[in-house]
Amino acid sequence: MTQLRTRFAPSPTGYLHIGGLRTALYSYLYAKKNNGKFILRIEDTDQGRYVEGAVDIIYRTLHETGLHYDEGPDVGGEYGPYIQSQRANEYLYYAKKLVESGHAYYCFCTEERLQSLPDVNGARRYDKHCLHLSAEEVERRINSGEKYVIRQNMPVTGNTTYHDAVYGDITIENSELEDQILIKSDGMPTYNFANVIDDHLMGINCVMRGIEYLSSTPKYNLLYDAFGWERPMYIHMPPIMKDAQHKLSKRNGDASYEDLVKKGFLKNAIINYIALLGWSPKDDSEKMSFEQLLEKFDIAGINKSPSIFDPVKLAWLNSLYIKEMTPEAFAEYATPWIEGCYLKNFDKALVCKLIQSRIETFGEIEDKLRFLAEFPPFDSALYDNQKQKTNADTARQILPLVKEKFTQVSVWDNQHLYEALVQLAEAQGLKNGKVLWPARVALSGLAATPGGASEIAELLGKAETLRRLDISIQLLK
């Protein structure tokens, strides 16, 4: 059996969009699941949209996420070069072969003439005006320096059918297919032409891509047929939606892998979540390691219906990965977020211990712990807690006792501070919550915080803890 060869062929037009990363992920997983090869090709024929540095983003993202390609521009391979702009001579050669066989033709129509064609529902369809130019006229016009493109000569009758592994048999009426441009006036190939030539010459026998190419694939197949080449296997994937009406889109500035990392998402969580945007395993697992994805991935699990990118679910999944980290790994990863704000002045180990189980993304660390650096006046209504049966009056009675008890604590750590509060509650004949709740509010000025009163006090230190208790007691007078 011929070895399976999949490819990821992004255009260097900016950051690597989530949809593009999903295509790369599925292509990688399917290749590796079937002992095949995964190839990276850079499709940069549209020089007008080229963004400096975008190629490096592609390399970096694939390497960081573990999608190591077997062949590519920076790793080499026997089917190179793997950058389209470096293969320009091949495209013109094959386009001329199509002209010779009657499957393509030279077109000299000016922009003015093209704009004069009938506008049908916002689109102007080319009318094969140059199809029957004689070889002599074509040669004369080329030699005289006229600009031209090479167009594919589409059949006008019958239909074209192909099989997609997800959507089944797809049939398109040939009359719906326009004579697309294969070679542009600057001599560069269009995407539609270049990817067919490259896929064949690189031995790509499985093409995985977004559903937006489902209806245009017959154009590609007519090229394969014209050359007498074997068509690849097609696997089209459902769109990733921002909401019920709008697709997630690079042009709209929607999420990229690097954006998510900067917001504090872990790469393993991102890859795990992206895998679920259009695919589900037979056992309906949600949290899966990269190794488990390799084991479970099957194209039978790719859905036909669109998937909605849900930041809430991604954050939930990310929180599971954060909780699994060792304290050492968490501290190392959290360091940039801690060192980049006021938290660098606190004991990092204590900050990490307090926050690890209480965040969904690392980007939350600064805001969730802002109360450690800021302590503005707050409303005494925060002491109201129906469950703990506390209010401002309770706090007036308890807080002076808390301050007195904390003054006597000799070992300033969470264990001893918590024991001091519990002992106070016991001595007053109160449930623990009636002491713990007012103490936490008094130290934070908030109704909800990561950690309780004793954990907050440990981080604040003795002097700051007693200072805040004084302030809170004064606010109640």
Side-chain angles (χ1 to χ4, degrees), residues 6-11 14-33 38 58 61-62 65-67 164-168 170 206-217 233-261 263-290 292-321 360-361:
T6 68
R7 50 78 163 170
F8 177 49
S11 298
Y15 63 74
L16 185 51
H17 179 246
I18 290 300
L21 186 55
R22 183 190 65 174
T23 298
L25 175 62
Y26 285 11
S27 299
Y28 175 88
L29 293 174
Y30 189 56
K32 297 309 170 183
K33 186 72 180 288
F38 171 59
I58 293 167
T61 301
L62 294 181
T65 54
L67 305 182
D164 180 79
V166 176
Y167 293 91
I170 306 296
C206 177
V207 173
M208 303 182 78
R209 58 189 174 208
I211 193 176
E212 62 268 24
Y213 295 104
L214 196 67
S215 61
S216 60
T217 294
M233 172 187 183
Y234 292 109
I235 303 174
H236 287 90
M237 296 166 284
I240 301 175
M241 308 294 288
K242 187 172 186 175
D243 52 44
Q245 286 81 36
H246 304 95
K247 281 181 64 177
L248 206 65
S249 168
K250 179 193 292 189
R251 293 183 182 182
N252 291 337
D254 289 326
S256 74
Y257 168 77
E258 291 197 337
D259 287 336
L260 293 174
V261 170
K263 290 177 181 177
F265 291 93
L266 293 163
K267 69 176 182 180
N268 290 341
I270 298 170
I271 288 295
N272 186 163
Y273 183 64
I274 289 174
L276 297 173
L277 291 174
W279 170 81
S280 56
K282 291 177 181 177
D283 60 4
D284 292 325
S285 300
E286 289 195 298
K287 184 178 181 299
M288 289 169 281
S289 66
F290 196 78
Q292 289 172 320
L293 287 175
L294 275 170
E295 178 188 339
K296 295 174 184 288
F297 189 78
D298 187 336
I299 59 172
I302 297 178
N303 307 317
K304 292 182 180 180
S305 54
S307 298
I308 294 180
F309 184 87
D310 183 358
V312 174
K313 184 169 183 179
L314 171 58
W316 165 78
L317 195 58
N318 197 64
S319 73
L320 301 184
Y321 280 90
E360 292 187 320
T361 71

>> What verdict does the side chain to side chain contact (heavy atoms under 4.5 Å, CB included) test give for Trp279 and Leu293, after you've listed the backbone C-alpha separation in whole Å, the side-chain angles of each residue and the deciding distance to 0.1 Å?
In response: CA-CA 11 Å; Trp279 170 81; Leu293 287 175; 3.8 Å; yes
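In this structure, Thr6 and Ala31 approach most closely via the heavy-atom pair OG1-CB, 3.5 Å. Across all non-hydrogen atoms, the minimal contact from Met288 to Asn272 is N-OD1, 2.7 Å. Taking each heavy atom of Leu276 and Pro281 in turn, the nearest pair found is CD2-CD, 4.4 Å.
Leu294 has its side chain within reach of Lys32: a pair of non-hydrogen atoms, C-beta onward, lies under 4.5 Å apart. In this structure the side chain of Leu16 never reaches within 4.5 angstrom of the side chain of Glu258, judged on heavy atoms.
Judged by a 6.0 Å distance limit and a 45° cone about the ring axis, Lys267 is not positioned over the six-membered ring of Tyr257.
Here the straight-line distance linking atom CG of Leu266 with atom CD1 of Ile271 works out to 12.0 Å at 0.5 Å rounding. Annotation: the span from Thr65 atom OG1 to Leu25 atom CG amounts to 8.0 Å, rounded to 0.5 Å. Atoms CD1 and CD1, from Ile240 and Ile211 in turn, are 12.0 Å apart once rounded to the nearest 0.5 Å. Here Lys287 contributes atom NZ and Tyr321 contributes atom OH; the two are 4.5 Å apart, rounded to the nearest 0.5 Å.
Judged by distance alone, the side chain of Asp283 and the main-chain N or O of Ser285 form a donor-acceptor pair under 3.5 Å. Although no hydrogens or angles enter the test, the distance criterion places a donor-acceptor pair under 3.5 Å between the side chain of Ser307 and the main chain of Gly278. A donor-acceptor contact shorter than 3.5 Å is absent between the side chain of Lys242 and the backbone of Ile308. Between the Tyr273 side chain and the Asp310 main chain, a donor and an acceptor come within less than 3.5 Å of each other. Side chain of Thr61 to backbone of Ile58: no donor-acceptor contact under 3.5 angstrom is found. The closest donor-acceptor contact from the side chain of Tyr213 to the backbone of His236 lies at 3.5 Å or more, if one exists at all.
By the neighbour-count criterion of 12 heavy atoms within 6.0 Å, atom NZ of Lys263 is sparsely surrounded, having that number or fewer from other residues, nucleotides or ligands.
Ring planes of Tyr28 and Phe38: perpendicular class, angle over 60° (limits at 30 and 60°).
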